[in-house]
Amino acid sequence: MTQRFRLPEGGLIDRAKPLGFRFDGTRYQGYAGDSLASALLANGVHLVGRSFKYHRPRGIFSAGAEEPNALVQLGAGARSDANMRATQVDLVDGLTAASQNCWPSLGFDLGAINNQLSRFLPAGFYYKTFMWPAALWMRYEWVIRHAAGMGKVPDARDPDHYDKTYAHCDVLVAGAGPAGLAAALAASETGARVILAEQDGELGGALLGLDETIDGAPARDWVAAARAELEARESVTILTRTTVYGYFDHNFLGLLERVTDHLAEKPARLPRHRLWKLRAKQVVLATGAIERPLVFSDNDRPGIMLAGACQAYVNRYAVKPGSKAVVFTNNDGAYGAALDLAAAGIEIAAIVDLRPDPEGPATERAEAAGLPVLAGHAIIGTRGDQRVDQVRIARISADGASIVGGAGEGAAQTIDCDLVAVSGGWSPTVHLFSQSRGKIRFDAELGCFLPGDAAQATHLAGACNGAFGLASCLQTGFEAGAQAAKAAGLKPGKRRRKIQKAPEASDDGFLPARWTWLVPSDRPLGQGGKHFVDLQNDVTAADLKLALREGYRSVEHVKRYTTTGMGTDQGKTGNVNAIAIIAETQGRPIPEVGVTTFRPPYTAVTFGAFAGRDIEDLLDATRRTPIHAWHQRNGAVFEDVGQWKRPWYYPKASESMHDAVNREVKAVRSSLGVVDATTLGKIDIQGKDAAEFLNRMYTNAWSKLEVGKCRYGLMLGEDGMVMDDGVTARLGEHHYLMTTTTGNAAPVFGHLEEFLQTEWPELEVRLTSVTEQFATVSLAGPNARRLLAELTQDIELSANALPHMGLARGRVAGIPARVFRVSFTGEMSFEINVRASYGLALWQAVMTAGEKYDITPYGTEAMHVLRAEKGFIIVGQETDGSVTPLDLGMDWILSKNKDFIGKRSLTRPDMLKPDRKQLVGLLTEDPAEVLPEGAQLVETVLAKPPMVMVGHVSSSYHSPNLERSFALAMIKGGRGKMGQRVFAPLQGGKTLACTITGPVFLDPEGERLRG
Amino acid sequence: MMARYSIFSLARNALSYHQDWPAAWRDPAPKPSYQVVIIGGGGHGLATAYYLAKEHGITDVAVIERGWLGGGNTGRNTTVVRSNYLWDESAALYDFALKIWEGLSQELNFNVMFSQRGVVNLAHNQHDLRELSRRINANRLNGVDSEFLTPAEIKRMIPIIDVRAGGRYPVLGASLQRRGGTARHDALAWGYARAADARGVDIIQECPVEGFRIENGRVLGVETAKGFIGAAKVAIAVAGHSSVMATLAGFRMPVTSVPLQALVSEPVKPALDTVVMSNAIHAYISQSDKGEFVIGAGADKYVGYGQRGSLPVTEETLAAVCELFPSLRRMRMMRQWGGIVDTCPDASPILGKTPIDGLYINCGWGTGGFKSTPGAGWVYAYTIAKDEPHELNAPFSLDRFRTGYLVDEHGAAAVAH
């Protein structure tokens, strides 16, 4: 609990709030305001993880989102998180973290054998081996898989919840460093609705880690004033711990807000994370820059860190990342870091500068302060098992390609140290700009990729656009904010306040610099030390060169072959170095090599946030009819049909499904059944061209259908295949009501609208979905009319007044209703439509009045049996998108006198072939055997597959009316094969013999439904 | 001669610090003309070149690629390989491909990491179960391995799945094709490229095709960024841009191009040992050898050529994944991208001749392109060499949209076309 490396004063931590935490089981203490990384460093813990491939010891490398090494497993059990960057984890009291990818322990990891074998494991080694013997690949793979991976998946259902929200704003500012704050101030000055999003918990960006002044006062004071000003403005929303992770088309952006991760007590009402789906009129990117490491031999040991990160640990967290430091740089910027480290009491053993003649403002200050500088030198090797303890240094040649004095130990000197602060220049964070499809370009002087032409309404401010000095950041921030507000249509602000003018500050960038992309060593590359380019994936410069040598020339090939840039950090520190080394090796300019595509997200986004509340019962809408509660009370078993819950069957106490369905089927045929048909799609069609529209959409003719009559219609796709069917009634001169199948209601509606809107806009037709506006109670059975007569006074029910396919209006059980005499069971049947709110009342009235007929509610299973006995098809069961009306024997429904969707397709030669699959009936030779639906049929049974299939069983049931099983099937040329035998070889080895019959098993004349 | 890859050559090269590995393929300048020019250096184009050389002795072949080889859908898919297709025609073609897959690493001497870890297709309602049963039976009788799993068997095989019947989409059953699995997508392109190159095929990258030279209904070659390249036969294999190519050649294709999206999580230790697919909720998922969950999302609902895919599709897919695997909710999406898939009205490919003599086309695979690569390349090579389709691809002619001989595989992919 000592925090030995905590500075006695300074920093943005709250020393009054000590926090306890554990890492790999050991207790430590930090302070509020610490990150997990800073708290570990305060306790002298540098070794925090093992690398992906070679299991090399790794330490904390950065202080931000770019961290490649310090990935930990946070928490335990169901709330455990893998691969969390310690640099971005806010320390909370009681936090537990564990190292990853090591066994048995972080200090002693058996996987480190890979490091010894690394000579045999170059990039892509797995493409060249594990091929013999072929049968062993699955075992090799098992070993590879278990060696790979990093953290672990939680072991149970995530107990947290996530949320999503939409937002709109005039100006989104991404990043709240000096440039972003200035932009937000300038934009909101106009009254613009501004959202300022910052990934950190604090505003200030780089200023948090720097010892800068603005207008002569500490920069942090300016940040605090800016924050206060922004918070006072009503039109400004500040989102901290919120990453703008994705930049999509039309200024649509995705943001991830981490709402409770930083709280020790997490209020249950708050979501863990919140996904913001934001549409911004204008976007200001103020995303800053990321420092690059230098690629030198054995540049990966714990204690080797980015210079700016060292500076941030000292200034922001008041932590000494070491006691004796070597600074290794190619630019002026790192001298500022050296000065800050020295000021914190860290001995600067040397500043090793690749530049032969170091110069620049910070260099001058460091020299004035007496810091030792080794100009034109390089670190050519490091030592230290679990922490760096020594570096080797040598003078480099004028071209930077080799060391002076050549190979051999003689040329080098050694320096003991426990910290190496590295700076290889800065890479602007162009990720979001690139995601927006903006072009990026290489700037040779700055040695980095910069935004070029924007593709969207995007403005740039600060370091992400190459403005590295603080004054430039502020200046470009104010300009971009004002421009963005203006472009969003807002007038320049009238209030003139001091704060919205760019204040005074120094404008030192990091130039001048020398671009030595690959630091030479005293040994040939790849023979001895390792020059890491991608620390997380253990990709070295030698790996890149191997890939190039082997013909993987494109930067994408090199990336995929070596896996550089493919870790959880997505190459934030490594990619530019990799590209430059590729360019150098190929002798091409960097712009010609180009970059790999920047893909969303900027940093990883929790799956749960994308799902939000759309999980469990809310994954999809559950639709219930107004009568649902009655079905539930009466023991219905439901099945999912599309989004609907439909009663499948209503078992009585101890009744099996088979018994219940038999009882329901028999009741309909013998007396009276009732089914809830509310779920059928209903589309109200009005307009003077409605009949013409139906003529075009349906295969049969509609012009002559009288008002008050119904007609069955078949709808085809453009390919001539059956798409949907249903009954449509003519309610008035220009008014129709179409019914669709339950599952197809939405697709059919879309299909109709598509044709109306895009093909025939001249038709005067309006469609309204009324599926949920009406409840449908369908009576079926010999007693249907008798019952209905008892419930209505004003509807004439005689065969003449309301014949089959007739329609009447009146009151049923006192409720205004439409009554359609249509039948899907082959029995006399009345479908009563009432307003949805009356559905349950009607159902109850029917049930009460029907008692004397032993009225039986029946479910979808009984309905399917009843319709199949009659040979009626179900779209999606008998049909599968490959079935034409001719295949179903429904030639009668194809009008020859008009055109309709799909008609032309039906004339194609293959549509008329006699061996197409056709709808037939099927009877098993053993009447007790029920064929499984989906069984395939053959004419000749062979001992083993393959066998030639001639068709399949589409529907199959036991019929209590037929007192045997029966089935519908689609069989090649089936209509010409009546009486022939086919066989169904089933899973498990049994084969059922059957005979092909017609598809109508009951009442072929249709007498039952008339009368 | 191709330098052979093996544990021994790896060890030998380690001694020379891997300085002596030869290039896997050459980087030639295009010759003025070839016997066959293949447009598109993805898996299909490269496989076709390889089989032209190997099976038909036609080595005067160039594969010309707009960008870098394998950079289109070959390098963007979710690497699932299976052959449990419903219709006889599809099953025959995909199973032919699967059989080649089973020996492909050895044949190419390049480890394509074909992992036969099994593919599980879930059923969530009675309709799904009926369709699943039909498919399993059809597969079985076609000689394609397929079996039914009960929810309990699924749970045993995939411990992190939630088959709970109380959920919105309870898992009621599944089919399992044990021979199915995943492979390393880049390795497929590289393996074919290396093997084709070794047989004399020229692979010409960064060479966009700008037009065709056609006279009297016969193709004479292609205009490219590197000049005119003459060819007796030209074969198109440019998934995602097939209709663009056809337009350049002066004919129309019945294909629609839409962005199909995929994403990966951060890598974690093994937690999922099979491929799991769900038609009903548009999600499929496997875990790569590196440890990332590789997730196939749906297609955008509008046509386009932007290789990224839209946010709503990511949301829907991950909601489905979170529902099936509740412990994955805390996993994090590391990278998301899109590829452009060409889809035909019947969701089956077009593989054969075009209205222009000497010009062939291979396209319209929708979501099925990667798994079919070895088989498609083989029959495409046959078609080009013989100027007539092999019996395996005869059903997949462009002509079928005129004759009506459609092979409707809308139910085959987890993604609605």
Side-chain angles (χ1 to χ4, degrees), chain A residues 81-83 119-120 122 127-131 134 141 144-145 148-154 156-158 248 254 526-527 546 549-551 554 556-557 560 568 599-600 604-608 610-611 614-615 617 619-620 639-640 719 881-882 908-911 933-936 945-947 949 952, chain B residues 5-7 10-11 14 17-18 21 23-25 68 71 105-106 110-111 115 125-126 130 133-134 137-138 140-143 148 167-168 186-187 266-271 289-291 311 314-315 318-319 321-323 326-337 345 403-405 408 410:
Chain A
D81 291 299
N83 307 335
R119 193 161 168 188
F120 300 95
Y127 298 123
K128 294 178 177 141
T129 181
F130 303 128
M131 288 182 280
E141 188 190 39
I144 291 171
R145 287 188 68 200
M150 294 203 290
K152 293 190 184 112
V153 170
R157 173 180 292 266
D158 184 0
F248 306 96
Q527 304 182 19
L546 172 63
R549 200 178 304 131
E550 293 196 79
S554 152
E556 285 283 353
H557 280 161
R560 287 156 181 261
T568 63
R599 300 268 176 211
V605 178
T606 326
F607 282 7
F610 287 108
D614 304 336
I615 52 166
D617 287 349
L619 178 64
D620 196 2
E639 73 161 326
D640 288 341
D719 55 5
S882 72
R908 293 178 297 184
D910 264 281
M911 296 292 167
E933 287 173 350
Q936 295 283 339
M947 289 180 235
M949 289 170 266
H952 72 278
Chain B
Y5 292 159
S6 70
I7 186 86
L10 197 64
Y17 297 97
H18 304 287
W21 286 111
W25 48 81
W68 38 282
S105 292
Q106 288 71 32
F110 200 103
N111 192 349
S115 167
N125 56 42
Q126 299 303 319
R130 190 158 46 232
S133 162
R134 181 180 170 196
N137 283 313
R140 255 180 347 101
L141 295 182
N142 269 323
F148 182 79
R168 186 65 187 86
D186 291 326
E266 294 184 334
V268 285
K269 294 291 177 192
D289 285 352
K290 210 180 154 200
L311 177 57
T314 316
E315 293 178 85
L318 286 176
V321 167
C322 289
E323 176 65 9
S327 63
L328 296 192
R329 267 183 224 162
R330 295 179 90 89
M331 289 300 300
R332 296 184 295 167
M333 178 176 91
M334 182 169 80
R335 195 166 60 245
Q336 175 261 325
W337 66 94
T403 66
Y405 190 98
D408 195 289
H410 278 106

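What's counted below: heavy atoms across the whole structure, side chains too, no hydrogens, waters or symmetry copies. Throughout, protein chains are lettered first and strands after them, A, B, ... in sequence-line order, and every chain is numbered starting at 1.
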Side chain of Gln936(A), backbone of Arg134(B): donor and acceptor closer than 3.5 Å?
-> yes

Asp408(B) and Ser882(A): which non-hydrogen atoms are nearest, and at how many Å?
-> CB-CB, 4.2 Å

Measure the spacing between CD of Glu550(A) and CH2 of Trp25(B) and express it to the nearest 0.5 Å.
-> 9.0 Å

Looking only at Pro270(B), Ala24(B), Gly291(B), Cys322(B), most heavy-atom pairs under 4.5 Å shared with chain A are made by Pro270(B)

Option that, when pairs with chain A are counted at under 4.5 Å, heavy atom only, ranks first among Ala187(B), Ser115(B), Gly143(B) | Ser115(B)

Residue pair Arg145(A) / Ala271(B): nearest heavy atoms and the distance that separates them = NH2-N, 4.4 Å

Is a side-chain N or O of Ser133(B) found less than 3.5 angstrom from the main chain of Glu933(A), in a donor-acceptor match?
-> yes

How about Asp640(A) and Arg168(B): do any of their side-chain heavy atoms sit closer than 4.5 Å?
-> yes

Check: His18(B) main-chain N/O paired with Arg549(A) side-chain donor or acceptor under 3.5 Å = yes

With respect to chain B, which residue among Asn83(A), Ile615(A), Asp81(A) yields the maximal number of heavy-atom pairs within a distance under 4.5 Å?
-> Asn83(A)

From Phe607(A) CZ over to Arg330(B) CZ, what is the distance, rounded to the nearest 0.5 angstrom?
-> 13.5 Å

Winner by heavy-atom pair count (cut-off under 4.5 Å) against chain B, out of Leu546(A), Thr606(A), Thr129(A) | Thr606(A)

Select one option (side chain, backbone, both, neither) describing which atoms of Asp289(B) are under 4.5 Å from chain A's heavy atoms.
-> both

Where on Ala156(A) is there a heavy atom nearer than 4.5 Å to chain B: the side chain, the backbone, both, or neither?
-> backbone

CZ-CG distance between Phe130(A) and Asn111(B), expressed to the nearest 0.5 angstrom | 8.0 Å

Can you check whether Phe610(A) reaches Gln336(B) side chain to side chain, under 4.5 Å on heavy atoms?
-> no

Distance (rounded to the nearest 0.5 Å) between Asp186(B) CG and Arg560(A) CZ = 4.5 Å

Best-contacting candidate, Thr314(B), Ile7(B), Asn125(B), Asn137(B), against chain A by heavy atom pairs under 4.5 angstrom | Asn137(B)

Can you say whether Pro345(B) sits under 4.5 Å from chain A via the side chain, the backbone, both, or neither, judging by heavy atoms?
-> neither

Look only at the side chain of Lys269(B) and the backbone of Met150(A), and say whether a donor-acceptor pair between them is shorter than 3.5 Å.
-> no

Hey, what do you get for OH (Tyr17(B)) to CD (Gln527(A)), rounding to the nearest 0.5 Å?
-> 5.0 Å

Flag, side chain of Arg157(A) to backbone of Pro326(B), donor-acceptor distance under 3.5 Å = no

Mind listing the closest non-hydrogen atom pair of Glu323(B) and Leu619(A) along with its distance?
-> CG-CD2, 3.5 Å

Distance from Glu266(B) atom CD to Thr568(A) atom OG1, nearest 0.5 Å?
-> 5.0 Å

Which class fits the ring pair Phe110(B) and Tyr127(A): parallel under 30°, tilted 30 to 60°, perpendicular over 60°?
-> parallel

All heavy atoms of Ala611(A) vs all of Ala319(B), minimum pair found to be CB-CA, 3.6 Å

Heaviest contributor of heavy-atom pairs below 4.5 Å to chain B, chosen from Met949(A), Met947(A), His557(A), is His557(A)

What option among Gly254(A), Pro909(A), Gly526(A), Ala82(A) has the most heavy-atom pairs under 4.5 Å with chain B?
-> Pro909(A)

